[in-house]
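In what follows, a structure is listed as structure tokens, so that the remarks can point back to it.
Start at 1 and go down the list; that is how both ligands and their atoms are numbered.
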Amino acid sequence: MKLWGGRFEQGPAKLFEDFSGSLAFDRKLLEADIAGSKAFASALEKVGIFTLAEKTEVHKSFDAILDDSQAAGFFDGADDEDIHTFVIRKLGEKAGGLADKIHTGRSRNEQVATDFRLWVKTEIGAIDGLLTELMAALVDFAKREPQALLPGYTHLRRAQPVLWAHYLLAYFEMLCRDRERFADAYRRTDVLPLGSGALAGSGFPFDRQAMADELGFDRLSANSLDAVSDRDFALDFLYAASVTMLHLSRLAEDWILYSSEEFGFLDMGDEVTSGSSLMPQKKNPDACELVRGKSGRVSGHLLSLMMTIKGLPLAYNRDMQEDKEPVFDAAAQLEGCLAVMRLTVETAKVHAGRMEAAADESWVSATALAEALSRRGVPFHRAHQIVGALVLESVRAGKKPQDWTTEELQAIAPEFDDDAREMLTARRALSNHTVPGGTSASSVNDALDEASHRLEQMRQEG
Ligand code: ARG
């Protein structure tokens, strides 16, 4: 069955039908297409195309189709052009000639835009839940290891000590912003295109507000040309998904490093690691590697849709059919990654002793020492020079910070007082960072409380 054909002398080539059909992937829009079609049937009744009894029959038929769709093999043998054609054929099987009226004043252009928006809205809801659960897992990990300390890095060189909890909360913040980005994408997706017709607005005075209410859309599109050709909402979704994936990828990369023999800070659970077919000793961080890998794929989807939209003249063009697969795949990959990262976080264990030893044997306390000098009136530039000289001397002599005695320190620079030695532990250096947002135990404690509170709110909203 086709929704067109009168104007043609012969049918399309099988080759072209296979090439252009979208049912293989847009079948994901089945529920949305049925919901949209039911709302549209209600609108048709109000303008007198359906009687009340006919509308009721059409609604019942759509519900029956939804029921049927639960059975395995529902799409077997279907060769319809797209999901919209498929659903109308199914309606015909249930409601006979009424199916011939369902498309009165309706175009697939507005229909696909409506279906896609409904689908994206549902998916954002699912992603929001997964994000919240991953954030909860990070907070739980932070609470499990409130004392653990690691050398914080810049340029992947040991820089200053930070609490493990502080490190985890950095990712909590990123994911918090990701939630906001998705909420923003949702707001722009929450617009009803139905009533826009093919491009010029419907030729019937449909009650668009009633359709929006029935479908749960917040508002109506304001311009029919825009409504059928706008895919910004899909780009917003892909951007939010891409940024979230970048965050997951950075976490994955950190943990691939931290769990390596070279770092030895972290053990990943057997649940999320794999062995080697040849090397019996291997425990590879495959889950994290796949998350890192898939982040490229999802960003690729964003770029793919941007390029698809780039040169399209208003309004609808068939190119737009290329919008769905990137979005469907981005959602599936992101959801998989969020779930797997949650399990990764839940099953990871830190080696707090090794992390702290790595911090203590390095010069992560150097800044705190220079700052201690400057607190006692040594100009910071001079303090920086002195501590720099101490580090250079340590490198030359193969000494660790704790190897220095007070006398030796004072021989390097008289400004070092009796407390200087004490400054040379990572734990002590940490305690200076009491500013809000800093990594002292008290600041991190406050941040953890605040994060738990936010989580509570998210769960209540969700
Ligand atoms: N499968 C099409 C899509 O995804 C549906 C809309 C088709 N409209 C049209 N005028 N050919 O965009």
- [ ] Could you tell me whether Lys324 approaches ligand 1 through its side chain, its backbone, both or neither, with non-hydrogen atoms closer than 4.0 Å?
- [x]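 The answer is the side chain of Lys324.
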Using a strict threshold of under 4.0 Å (side-chain N to carboxylate O), is an ion pair present between [Y] and [X]?
X      : Y      : answer
Glu173 : Arg177 : no
Arg188 : Asp232 : no
Arg250 : Glu253 : no
Lys94  : Asp68  : yes
Lys310 : Asp319 : no

Just jot down the ligand 1 atoms closer than 4.0 angstrom to any heavy atom of [X], in number order.
X     : result
His84 : 5 (C)
Ser22 : 1 (N)
Asp82 : 1 (N), 5 (C)

- [ ] Measure the distance from atom 8 (N) of ligand 1 to every protein heavy atom, then report the residue, atom name and distance (to 0.1 Å) of the closest one.
- [x]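 Checking every protein heavy atom, the shortest distance to atom 8 (N) of ligand 1 gives Asn109 OD1, 3.1 Å.
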- [ ] Look at atom 11 (N) of ligand 1 and say which protein heavy atom is nearest, naming residue and atom and giving the distance to 0.1 Å.
- [x]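 The protein heavy atom lying closest is Arg108 NH2, 3.9 Å.
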Please report whether ligand 1 has a polar contact with [X], defined as an N or O pair separated by less than 3.5 Å (distance criterion only).
X      : answer
Glu81  : no
Gln321 : yes
Tyr316 : yes

- [ ] Return each pair, listed once, that meets ring pair (Phe, Tyr, Trp, His ring centres under 6.0 Å) where at least one residue sits in residues 49-68; pairs must be two or more places apart or across chains.
- [x]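 Applying ring pair (Phe, Tyr, Trp, His ring centres under 6.0 Å) to every pair that reaches into residues 49-68, excluding sequence neighbours, yields nothing.
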Open item on the list: If we check side chain to side chain donor-acceptor pair (under 3.5 Å) with Lys121, which of these qualifies: Asp218, Asp190, Thr189?
Closed with: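 So, applying the side chain to side chain donor-acceptor pair (under 3.5 Å) to Lys121 and each of Asp218, Asp190, Thr189, only Asp190 qualifies.
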